[in-house]
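Heads up, the thing below is written out as structure tokens.
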Amino acid sequence: MEPIKVQSEGGLNVTLTIRLLMHGKEVGSIIGKKGETVKKMREDSGARINISEGNCPERIVTITGPTDAIFKAFAMIAYKFEEDIINSMSNSPATSKPPVTLRLVVPASQCGSLIGKGGSKIKEMRESTGAQVQVAGDMLPNSTERAVTISGAPEAIIQCVKQICVVLLEAYTIQGQYAIPHPDLSKLHQLAMQQTPFTPLGQTTPAFPAAGLDASNQASTHELTIPNDLIGCIIGRQGTKINEIRQMSGAQIKIANAMEGSSERQITITGTPANISLAQYLINARFRDVAAMWTDPSSMTTS
């Protein structure tokens, strides 16, 4: 497959996150035997690909990276699904090949931009790419997000995803080289975040409680204890990482000064239950990123 070359506007290679909703069978196809398929997708695309855990019939696949890495990851997923369709047809009497279908998860607040005035934008996408694009009229269950279904040949899907990314980037606040989405802390977003949390020093970190997401928006406080030698990867160079976590989660995060004789630092997170859950996830994700970088440098696109 030819690598996809993307010239980002203004020379900025912006980091973006796109989420997909998949059935268990589709997820199994992406993961592959002993995780080999998803490992190869990560290595070849340069994107981070995370799959939500849990036994729900539908899972969320989160793809993060520079725009060109995202397009490569989408291309690999689309071609893999086409391969699955071809394989399933060899055991079936069907003669016409069904299209590849991907379902994106998009905040409802951004769906208007995708549809355009009087449906002009979505019509233009369909005509210029040859893909079918449908924005769900209803929000996903217990969520403020909608499914955007794209179907067609892999090439058409990739072109369509590129156009959707451009529209979403315009709706994001671009800060430095990061496109930071306006916080949309729905239950579905939280589901995407349900990955094994980093639990320092035997401390138990609660899973994201369903009740907590329905709780009032009153501010509360949560404390974490982090070993001194790991605090640097949370703060980042000149505070870049901790500031990014603050902006994305909407939570206030304070890191206590180092205490003499102590090997730990206290982190205090203040905000709504959803803010706190997202901040915890982002801190945990930072540890996973750094651990991945130590064990497998090719798994990282940014440090």
Measuring only between side-chain heavy atoms, which start at C-beta, is [X] closer than 4.5 Å to [Y]?
{"X": "C165", "Y": "I18", "answer": "yes"}
{"X": "L282", "Y": "L278", "answer": "yes"}
{"X": "S220", "Y": "I276", "answer": "yes"}
{"X": "I234", "Y": "I242", "answer": "yes"}
{"X": "T268", "Y": "I253", "answer": "no"}
{"X": "E264", "Y": "L224", "answer": "no"}
{"X": "V133", "Y": "V148", "answer": "yes"}
{"X": "D84", "Y": "V100", "answer": "no"}

Just to verify, what does [X] make a side chain to side chain contact (heavy atoms under 4.5 Å, CB included) with, not counting sequence neighbours?
{"X": "S128", "result": "Q163"}
{"X": "D44", "result": "K40, M76"}
{"X": "N228", "result": "R265"}
{"X": "R146", "result": "A108, C111, V135, M139"}

Joint hydrophobic cluster, F81 plus M89, side-chain heavy atoms closer than 4.5 Å =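 In one cluster: yes.
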Are I49 and T62 close enough, and set up right, to give a side-chain contact (heavy atoms from CB on, under 4.5 Å), and what steps lead you there?
-> CA-CA 6 Å; I49 304 172; T62 306; over 6 Å; no
Verify, without hydrogens or angle tests, whether [X] (side chain) and [Y] (backbone) share a donor-acceptor contact under 3.5 angstrom.
{"X": "S120", "Y": "K117", "answer": "yes"}
{"X": "R42", "Y": "A47", "answer": "no"}
{"X": "R19", "Y": "L104", "answer": "no"}
{"X": "T221", "Y": "T270", "answer": "no"}

What residues, two or more places apart in sequence or in another chain, satisfy side-chain hydrogen bond (donor to acceptor under 3.5 Å, both in side chains) together with [X]?
{"X": "T240", "value": "none"}
{"X": "Q159", "value": "none"}
{"X": "Q134", "value": "none"}
{"X": "K121", "value": "none"}

Mind checking the [atom1]-[atom2] spacing from [X] to [Y]? Nearest 0.5 Å is all I need.
{"X": "N87", "Y": "S29", "atom1": "CG", "atom2": "OG", "value": "9.0 Å"}
{"X": "I269", "Y": "I283", "atom1": "CD1", "atom2": "CD1", "value": "4.0 Å"}
{"X": "S262", "Y": "Q266", "atom1": "OG", "atom2": "CD", "value": "9.0 Å"}
{"X": "I115", "Y": "I122", "atom1": "CD1", "atom2": "CD1", "value": "6.0 Å"}
{"X": "E83", "Y": "S88", "atom1": "CD", "atom2": "OG", "value": "11.0 Å"}

List in chain and number order the residues that pass salt bridge (charged side-chain N to carboxylate O under 4.0 Å, His left out) with [X], two or more places apart in sequence or in another chain; answer none if no residue qualifies.
{"X": "K97", "answer": "E82"}
{"X": "E155", "answer": "none"}
{"X": "R103", "answer": "E58"}

Locate the shortest heavy-atom distance separating [X] from [Y]; write the atom from each residue and the value.
{"X": "L20", "Y": "F74", "result": "CD2-CE2, 3.7 Å"}
{"X": "A156", "Y": "G130", "result": "CB-C, 4.1 Å"}
{"X": "P99", "Y": "G152", "result": "CB-N, 3.6 Å"}
{"X": "I70", "Y": "T64", "result": "CG1-C, 4.4 Å"}
{"X": "S45", "Y": "K72", "result": "CB-CB, 3.8 Å"}
{"X": "C160", "Y": "M125", "result": "SG-SD, 4.5 Å"}

Evaluate salt bridge (Lys or Arg N to Asp or Glu O under 4.0 Å) for E26 paired with R59, printing each intermediate quantity in order.
-> CA-CA 9 Å; E26 293 171 324; R59 311 267 285 280; over 6 Å; no
Taking it one step at a time, do R48 and I63 satisfy side-chain contact (heavy atoms from CB on, under 4.5 Å)?
-> CA-CA 6 Å; R48 280 180 292 195; I63 305 173; over 6 Å; no
Could you please spell out the steps behind the side-chain contact (heavy atoms from CB on, under 4.5 Å) verdict for I51 and V27?
-> CA-CA 8 Å; I51 297 163; V27 170; 3.8 Å; yes
Would you please test K39 and E36 for salt bridge (Lys or Arg N to Asp or Glu O under 4.0 Å) and show each step?
-> CA-CA 5 Å; K39 183 171 184 264; E36 285 170 8; over 6 Å; no
Among T149, I150, I157, whose side chain to side chain contact (heavy atoms under 4.5 Å, CB included) with T101 holds?
->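 So the option named by the test is T149.
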Where do L21 and L140 land on the side-chain contact (heavy atoms from CB on, under 4.5 Å) test, with the steps shown first?
-> CA-CA 10 Å; L21 198 56; L140 289 156; 3.8 Å; yes
Any pair with a residue in residues 126-143 that passes salt bridge (charged side-chain N to carboxylate O under 4.0 Å, His left out), sequence neighbours left out, goes on the list, sorted by first then second residue, please.
->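 Every salt bridge (charged side-chain N to carboxylate O under 4.0 Å, His left out) pair that includes a residue of residues 126-143, provided the two are not neighbours, is K123-E127.
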